[in-house]
Amino acid sequence: MVRATLPAGDYPVAQLTFDYTNALAAIRRGDLAAARNAMARAETDRQRALAKWKEQKHDDPEGTQRLLILTEQLQALLMAAGGKTQDAITELKRIAAKEHALPLEFGPPSVYKPTDELLGELLVELLPVLRKRASLFR
């Protein structure tokens with residue numbers, strides 16, 4: 001059941017949710033090939049969602065930004081998984097600032113996992129490495 005995929009139908013935002021979640025899980029597992037594939041699908045889903053919104057004359061600049069934040073988060077996490085941790089930290093800080101600038105909404109968040117939380121998790125993962133580096137300078 002863990003590996004089962006649910007059909008999103010013709011709802012690109014729903015498919016983006018699935019692919020975003022699958023990318024996060026693959027990054028956690030260390031399966032970078034699967035993470036990159038899910039990331040590529042998420043980017044395609046985002047573009048399909050924007051095209052569908054345009055077709056439906058759905059004007060939502062904040063929604064457009066929220067969808068972009070999702071794919072940017074994945075790109076930054078893939079950077080970190082690829083060893084570019086400082087670049088990833090810088091990118092996550094930039095994304096978090098953009099997220100903070102969005103207006104608050106009532107209801108569940110449109111950004112599924114806050115960027116601040118992702119940044120915090122990355123920094124916690126890096127603590128052992130940072131401690132080791134600091135001990136070299138004592």
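Positions are given from 1, in the same order as the sequence printed here. Values in this document were obtained by computation on a predicted structure and should not be read as measured data.
For residues 114-127, the pairs satisfying salt bridge (Lys or Arg N to Asp or Glu O under 4.0 Å) are Arg28-Glu121, Arg28-Glu125, Lys113-Glu117, Lys113-Glu121, with sequence neighbours left out. Applying the salt bridge (Lys or Arg N to Asp or Glu O under 4.0 Å) test to residues at least two apart or on different chains, none of the pairs has a partner in residues 74-88.
The distance from the CG atom of Leu16 to the OG1 atom of Thr71 is 7.5 Å, given to the nearest 0.5 Å. Distance CD1/Ile95 to CG/Leu118: 8.5 Å, rounded to 0.5 Å. Here Leu70 contributes atom CG and Gln75 contributes atom CD; the two are 11.5 Å apart, rounded to the nearest 0.5 Å. Distance check, rounded to the nearest 0.5 Å: CG of Leu67 to CZ of Arg48 gives 12.5 Å.
Closest approach of Ala96 to Thr115, counting heavy atoms only: N-CG2, 3.6 Å. When all heavy atoms are compared, the tightest approach of Val13 to Ala49 is CG2-CB, 3.7 Å. Smallest separation of non-hydrogen atoms from Ile27 and Leu74: CD1-O, 4.4 Å. Between Ala23 and Met39 the shortest heavy-atom distance is CB-N, 4.2 Å. Between Glu91 and Ala76, the closest heavy-atom pair is CG-CB, 3.8 Å.
Listed by chain and number, the residues in a side chain to side chain contact (heavy atoms under 4.5 Å, CB included) with Thr85 are Leu126 (sequence neighbours excluded). Here Arg36 pairs with nothing under the side-chain hydrogen bond (donor to acceptor under 3.5 Å, both in side chains) rule; sequence neighbours left out. Residues meeting the side-chain hydrogen bond (donor to acceptor under 3.5 Å, both in side chains) test with Thr17, sequence neighbours left out: Tyr112. Remark: Glu72 engages Arg94, Lys98 in a salt bridge (Lys or Arg N to Asp or Glu O under 4.0 Å) (not counting sequence neighbours). Not counting sequence neighbours, the partners of Leu123 by the side chain to side chain contact (heavy atoms under 4.5 Å, CB included) test are Ile89, Leu119. Every residue meeting the side chain to side chain contact (heavy atoms under 4.5 Å, CB included) condition with Ala34, not counting sequence neighbours, appears here in chain and number order: Ala26, Arg29, Asp31. In terms of the salt bridge (Lys or Arg N to Asp or Glu O under 4.0 Å) criterion, residue partners of Asp19 (sequence neighbours excluded) are, by chain and number, Arg41.
Hydrophobic clustering places Leu50 together with Ile69 (ILVMFWY residues linked when any side-chain heavy atoms are closer than 4.5 Å, directly or through intermediates). Hydrophobic cluster membership is shared by Leu78 and Leu24, with clusters built from Ile, Leu, Val, Met, Phe, Trp and Tyr side chains linked at under 4.5 angstrom.
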Distance-only donor-acceptor hits, side chain of residues 51-58, under 3.5 Å, sequence neighbours excluded:
from, atom 1, to, atom 2, distance (Å)
Lys52, NZ, Asp10, O, 2.6
Lys52, NZ, Asp10, OD2, 3.4

